[in-house]
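If you read the sequence from its start, that first residue is 1, and numbering goes on from there. Remember, it's 1-based here, ligands and their atoms both numbered in the order they're listed.
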Amino acid sequence: MNYDILIIGSGPAGMTAGIYAGRAALKTAIFEKQPGGQMGNTWSIENYPGTGLTITGPRLNDNMREQCIENGVDFVQEAVLDIKKKDDGTFDVITELDNTYNCGAVILATGADPRKLGVPGEEEYRGLGVSYCATCDANFFKNLKVICVGGGDTALEEAIYLTKFATEVYLVHRRDEFRGSKILRNRVLDNKKIKVIYDSVLEEITAGPDGLVNGALVKNVKTNEITKVDAEGVFIFVGHIPNTKMIADTDLFDLDKSGYVLVNKDMNAGTPGVYAAGDVIQKDIRQIITACADGCIAAINAATFLEEKN
Ligand code: NAP
């Protein structure tokens, strides 16, 4: 199967790249593993211009997807396992179904996955009270107590969202100051249902005889005191790890030591015809709109690359 541009990842970066590539009359496909990426799991988006005061992540995802399809972009529901450069300068993208797709330029927009805490109970009780997605799972915790871990924008935003369901949200952060934005910090501190536990980390996630989470052992890092906090849910929002596993064995992409793709101002990732965009790249500001901007830049430069090559 031959394409001009193949985009790996269907979050806002990938879909924006798709819209621009499609509008440039380039035969384009997007490989989709988790529709909408992290955006698809976000309950309320308040800072994406032009969408009103709030829009849900799934709705914004549907709008972008529709716009891709209207511009002639194909969606392929296959996980990509490898990308190889051929002698003729084109690229083969190989998928889990053993299909090979060929293209003139490739854009990696695979985003990032939630980072794990690595504490006892976390793996064991995943889906039994441990979650990384409030939009997906908050509804299970109606009138129950939950623990939320982290101090970035995601943890603050999701702790607020969880108060719509839970009776109490214990927000555990390892320092005495949140990393997240001031507006969210203030909303958290003003919310009567959120009890902030500063300078603390989870030592262990515990469960009752029924195998369901019943709380966590929380250690104050200044006093070393350990307290049992009772809760039916533990939501973990401690950052992300870039999805670059499938390119680990290729030398087509420049990576930093954390696995993020290093790009130049054109979103070129180190090899002519190879681009990256969105949360998978090394950058300071990770927002839906910056992911979209990356996707746009990558697609326009990929189109120029193909034009100059032909
Ligand atoms: P983040 O900004 O990297 O924050 C991760 C948080 O987890 C930090 O508070 C960090 O603590 C804590 N943490 C990391 N490892 C930990 C561990 N092992 N144990 C305990 N705590 C740990 O990640 P994020 O909140 O997912 O945000 C990612 C990006 O998306 C950011 O650029 C953010 O601004 C953006 N975002 C924006 C919005 C919005 O604008 N509405 C919403 C969501 C996300 P320290 O602070 O001590 O390092």
Side-chain angles (χ1 to χ4, degrees), residues 11-13 36-49 51-58 60-61 109-123 130-136 138 147-162 169-189 191 194 196-205 216-222 226 229 234-243 256 258-260 277-294:
Q38 293 176 63
M39 177 177 75
N41 289 333
T42 304
W43 168 246
S44 167
I45 295 164
E46 301 181 12
N47 52 9
Y48 191 83
T51 51
L53 283 180
T54 57
I55 184 167
T56 66
L60 189 54
N61 172 59
T110 42
D113 274 345
R115 178 181 287 128
K116 309 280 186 319
L117 283 177
V119 297
E122 183 177 14
E123 273 308 313
V130 175
S131 171
Y132 302 85
C133 174
T135 311
C136 317
I147 294 167
C148 199
V149 188
D153 281 329
T154 306
L156 303 186
E157 209 164 68
E158 302 300 350
I160 296 164
Y161 177 65
L162 282 161
V169 176
Y170 299 102
L171 179 54
V172 179
H173 181 39
R174 64 182 177 185
R175 292 188 291 132
D176 62 0
E177 198 182 2
F178 290 125
R179 176 183 294 276
S181 63
K182 194 173 174 196
I183 184 166
L184 289 173
R185 286 196 313 251
N186 289 342
R187 278 191 208 165
V188 160
L189 298 175
N191 192 313
I194 301 177
V196 180
I197 306 178
Y198 290 115
D199 294 320
S200 297
V201 294
L202 263 55
E203 281 280 282
E204 184 181 343
I205 298 169
L217 300 180
V218 177
K219 181 170 105 175
N220 182 303
V221 292
K222 289 195 168 152
I226 294 178
V229 176
V234 176
F235 286 79
I236 298 165
F237 306 110
V238 294
H240 293 88
I241 299 189
N243 281 319
D256 73 7
S258 306
Y260 286 98
D279 279 5
V280 77
I281 69 169
Q282 186 197 68
K283 59 176 181 174
D284 293 333
I285 298 174
R286 296 172 191 282
Q287 298 285 307
I288 296 172
I289 196 159
T290 58
C292 292
D294 296 345

Give the atoms of ligand 1, by number and element, whose distance to some non-hydrogen atom of Arg175 is under 4.0 Å. 45 (P), 46 (O), 47 (O)
Considering only heavy atoms of His240, which atoms of ligand 1 have at least one such atom less than 4.0 Å away? 26 (O)
Heavy-atom nearest neighbour in the protein, as seen from atom 41 (N) of ligand 1, with distance rounded to 0.1 Å: Glu157 OE2, 2.7 Å
Please identify each residue that fulfils side chain to side chain contact (heavy atoms under 4.5 Å, CB included) with Asp113, with sequence neighbours left out. Asn243
Can you tell me if Ile285 has a non-hydrogen atom under 4.0 Å from ligand 1? no
What I'd like to find out is whether the side chain of Gln38 reaches to under 4.5 Å of the side chain of His240, using heavy atoms alone. yes
Best match, Val149, Asp279, Thr154, Val119: closest heavy atom to atom 27 (O) of ligand 1: Thr154
When distances are taken from atom 48 (O) of ligand 1, the protein heavy atom at minimum range is Arg179 NH2, 2.6 Å
Counting from 1 in the order shown, the ligand 1 atoms closer than 4.0 Å to a non-hydrogen atom of Asn47 are 39 (C), 40 (O), 41 (N)
What do you reckon, does His173 put a non-hydrogen atom under 4.0 Å from ligand 1? yes
With side chains defined as the heavy atoms from C-beta onward, is the minimum distance between Val221 and Arg174 less than 4.5 Å? no
Taking the side chain as every heavy atom from C-beta outward, state whether Phe178 and Val196 have any pair of such atoms under 4.5 Å apart. yes
Would you indicate whether the side-chain heavy atoms of Lys116 and Ile236 approach each other to under 4.5 Å? no
Can you tell me the protein heavy atom closest to atom 37 (C) of ligand 1 and the distance? Gln287 NE2, 3.0 Å
Check whether the side chains of Tyr132 and Glu158 place a donor and an acceptor atom closer than 3.5 Å, and report yes or no. no
Nearest-option assignment for atom 14 (C) of ligand 1, heavy atoms, candidates Val201, Asp284, Val238: Val238
Note: heavy atom closest to atom 16 (C) of ligand 1, options Glu46, Glu177, Lys116, Arg174, belongs to Arg174
Looking only at protein heavy atoms, which one is nearest to atom 19 (N) of ligand 1, and how far off is it? Leu117 CD2, 3.5 Å
Taking only heavy atoms of Arg286 into account, list the atoms of ligand 1 that are under 4.0 Å away from them. 29 (C), 30 (O), 32 (O), 35 (C), 36 (N)
Glu157 CD to Arg187 CZ distance, which is reported to the nearest 0.5 Å: 8.0 Å
Drop me the distance from Leu162's CG to Phe235's CZ, to the nearest 0.5 angstrom. 5.0 Å
Report the nearest protein non-hydrogen atom to atom 3 (O) of ligand 1: residue, atom name, distance rounded to 0.1 Å. Gly239 CA, 4.1 Å
Please lay out, stage by stage, how Ile197 and Leu171 fare under the test side chain to side chain contact (heavy atoms under 4.5 Å, CB included). CA-CA 6 Å; Ile197 306 178; Leu171 179 54; over 6 Å; no
Minimum-distance protein heavy atom relative to atom 38 (C) of ligand 1: Asp153 CB, 3.6 Å
For the CD1 atom on Ile226, are there more than 12 heavy atoms of other groups (residues, nucleotides or ligands in this structure) within a distance under 6.0 Å? yes
Per atom 9 (O) of ligand 1, closest listed option by heavy atom (Ser44, Ala112, Gly150, Gly151): Gly151
